[in-house]
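A short worksheet on the structure shown next.
Proteins come first, then strands; the chains are lettered A, B, ... in the order of their sequence lines, and each starts at number 1. This is a predicted model, so every value here is computed, not measured.
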There are 2 protein chains.
Amino acid sequence: MISNATRSLSVTDHLRESILSGGLPAGTKLQEVRLSEELGVSRTPIRAALQSLSAAGLLDYAPNRGYVVREFPISELVDAYEIRGSLEGLAARFTAERGLDNSQREVIEESLATGRNILNRSTTMDDHVLGIIGETNAAFHDTIMEASLNRLLSQMAQMSFQIPRVSNRNIIAFGLDELRQRHDEHYLIYEALLARAATKAETLMRDHVASVKFAAVRALRETR
Amino acid sequence: MISNATRSLSVTDHLRESILSGGLPAGTKLQEVRLSEELGVSRTPIRAALQSLSAAGLLDYAPNRGYVVREFPISELVDAYEIRGSLEGLAARFTAERGLDNSQREVIEESLATGRNILNRSTTMDDHVLGIIGETNAAFHDTIMEASLNRLLSQMAQMSFQIPRVSNRNIIAFGLDELRQRHDEHYLIYEALLARAATKAETLMRDHVASVKFAAVRALRETR
DNA sequence: CAATTTTAAAATGTATACAAAATTAATTGA
DNA sequence: TCAATTAATTTTGTATACATTTTAAAATTG
């Protein structure tokens with residue numbers, strides 16, 4: 001199990017992981033005693049975790065009836081990308097208005113350089129490449145979200161990432177060329193941020209996420 | 001205390017109310033024993049409530065250090081309206097795409113009629129008028145959010161309402177004429193929804209919320 | 001036999017006791 | 001006196017026992 005400050009937090013991480021990975025499919029009833037026996041802790045941290053995941057939107061809850069892994073209809077999953085586009089667009093706008101500090105610029109520039117390097121060198125798309133791209137992509141998006149200086153926005157973005165398959169780290173496996181296009185868009189967004197062009201940054205970011213959405217929808221169609 | 005299915009839920013409602021009303025100002029440390037004595041319940045439901053409000057973004061939490069009522073900088077409050085605008089805009093678009101069912105149309109039409117009536121009859125703005133307008137306004141916005149058929153979106157909108165003073169029920173007290181303008185915008189939005197004009201509905205809704213934002217910002221400036 | 005009621009089992013909600021961590025107070029030593 | 005350390009207190013985290021509600025199984029009745 002993931003190690004954390006408290007058992008409650010560990011259990012929360014563990015269960016979230018199980019749900020997002022599909023180990024606990026939608027509809028699964030999560031019973032406190034069963035889980036406490038399985039994970040070797042008392043009901044107290046289990047209850048805390050269930051409540052937390054319910055607030056995060058991963059579980060359905062009814063008083064006196066407990067928690068159930070909630071269903072994620074495909075339509076909602078597609079919508080989640082639209083929502084992410086709007087939220088990250090807003091984040092880009094706020095960040096353009098407020099500016100990036102030195103350390104934030106550094107992080108973004110490093111993510112751009114690392115991404116550029118691996119995309120130039122690679123001819124095939126293995127797990128290594130996907131892993132690196134996933135990290136640099138997340139660093140880019142997370143930094144902009146952080147620089148927007150808005151907790152509500154960050155919290156909401158966090159929520160949208162808790163929808164299975166909607167995340168900045170899980171790169172949808174489209175071709176290298178497409179990956180390069182997405183990376184070029186990062187450059188353009190960064191330029192707009194440096195130029196403090198708020199509306200442009202917002203539009204570019206929204207369109208960028210929309211492109212990712214198209215790939216995700218295509219991937220979804222193919223796997224089913 | 002508010003009556004609910006469980007003590008945990010009652011305590012949650014009670015504390016939320018206290019925070020949003022300003023009874024528990026930002027920075028207040030919420031200690032479990034103290035609250036449990038004050039509210040006459042054990043620590044268990046108190047802990048559940050604190051966790052829930054923390055997930056909702058009203059409290060800051062640190063392991064082994066407890067919960068503190070979080071600060072809401074004015075800038076974040078203004079941003080919250082931008083976020084609301086985007087989210088409700090998306091809701092309008094999804095609803096236009098998916099359509100309203102009969103009962104939803106009924107609710108909206110009744111809210112429009114009730115609002116029209118009271119705005120035509122009234123010459124001054126007392127608490128009665130504000131109460132009715134608040135209700136009809138909330139009914140209008142809530143119904144569209146519900147009709148968007150997207151849980152993530154609804155959940156996020158719910159979050160933005162938990163920021164003090166950002167809510168569809170708390171009408172910012174601008175003049176009757178302005179209230180009439182806002183009400184006319186409701187009509188236009190409803191028309192766009194009926195015509196299934198997705199982009200138009202989204203734009204109208206976003207602009208509508210932006211207008212409310214301007215009034216809110218103005219009101220904030222005056223009260224400080 | 002089917003439908004309803006009653007009863008038993010199991011699950012969630014709450015209180016409380018104990019453990020561990022953090023905070024505060026007291027003590028020690030320079 | 002002041003800093004660092006230690007001890008005491010307070011606060012949060014966890015386990016467990018009991019209460020209440022829900023769910024299921026069994027019994028009853030028409």
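Counting heavy-atom neighbours within 6.0 Å of B/Gln155 CD, excluding the residue itself, gives a total above 12. Surrounding CZ of A/Arg196 are more than 12 heavy atoms belonging to other residues, nucleotides or ligands, all under 6.0 Å away.
In this model, the phosphate group of D/dT14 is approached by a side-chain N or O of A/Ser8 to a distance below 4.0 Å at OP1 or OP2.
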Item to check | Criterion side-chain contact (heavy atoms from CB on, under 4.5 Å) on B/Glu135 and B/Thr114, from CA distance to verdict | outcome: CA-CA 10 Å; B/Glu135 285 307 314; B/Thr114 309; over 6 Å; no

Next on the checklist: Is there a side-chain contact (heavy atoms from CB on, under 4.5 Å) between A/Leu59 and A/Val69? Walk through the geometry before answering.
Outcome noted: CA-CA 5 Å; A/Leu59 304 177; A/Val69 178; 4.0 Å; yes

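Contact detail for B/Ile118 and B/Val129: the closest heavy-atom pair is CD1-CA, 4.1 Å. Here the closest non-hydrogen pair linking B/Met205 and B/Ala92 is CB-CB, 3.9 Å.
Between B/His208 and B/His141, the ring planes are parallel. Angles under 30° get that label, and only those over 60° would be called perpendicular.
A/Asn64 has its CG atom 17 Å from the P atom of D/dA19, to the nearest Å. Put simply, CG on B/Leu30 is 13 Å from P on D/dT11, counting in whole angstrom units. What separates CZ of A/Arg34 from C1' of C/dT12 is a distance of 17 Å, to the nearest Å. Distance NZ (A/Lys29) to P (D/dT22): 12 Å, rounded to an integer number of Å. The interatomic distance linking B/Tyr61 (OH) with C/dA21 (C1') rounds to 11 Å, in whole Å. Rounded to an integer number of Å, the gap from CD of B/Glu32 to C1' of C/dT14 is 14 Å. In this structure, B/Glu37 atom CD and C/dA15 atom C1' are separated by 14 Å, rounded to whole Å. At whole-Å resolution of the value, CD in B/Gln31 and P in C/dT24 are 10 Å apart.
DNA chain C is contacted by B/Arg43, B/Thr44, B/Pro45 of residues 43-57 of chain B, taking any non-hydrogen atom closer than 4.0 Å.
Remark on the helix from C/dC1-D/dG30 to C/dA30-D/dT1: inter-end axis angle 10°, axes from five-pair C1' superpositions, rounded to 10°.
Projected onto DNA chain D by closest heavy-atom contact, B/Val33 and A/Pro63 fall at different nucleotides, the more 5' of which corresponds to B/Val33. Comparing A/Ala5 and A/Arg65 by the nucleotide of DNA chain D that holds the closest heavy atom to each, the one mapping nearer the 5' end is A/Ala5.
With hydrogens and angles ignored, the 3.5 Å screen pairs no side-chain donor or acceptor of A/Arg182 with any backbone N or O of A/Val212. Under a 3.5 Å cut-off, the side chain of A/Arg43 and the backbone N or O of A/Val33 do not form any donor-acceptor pair.
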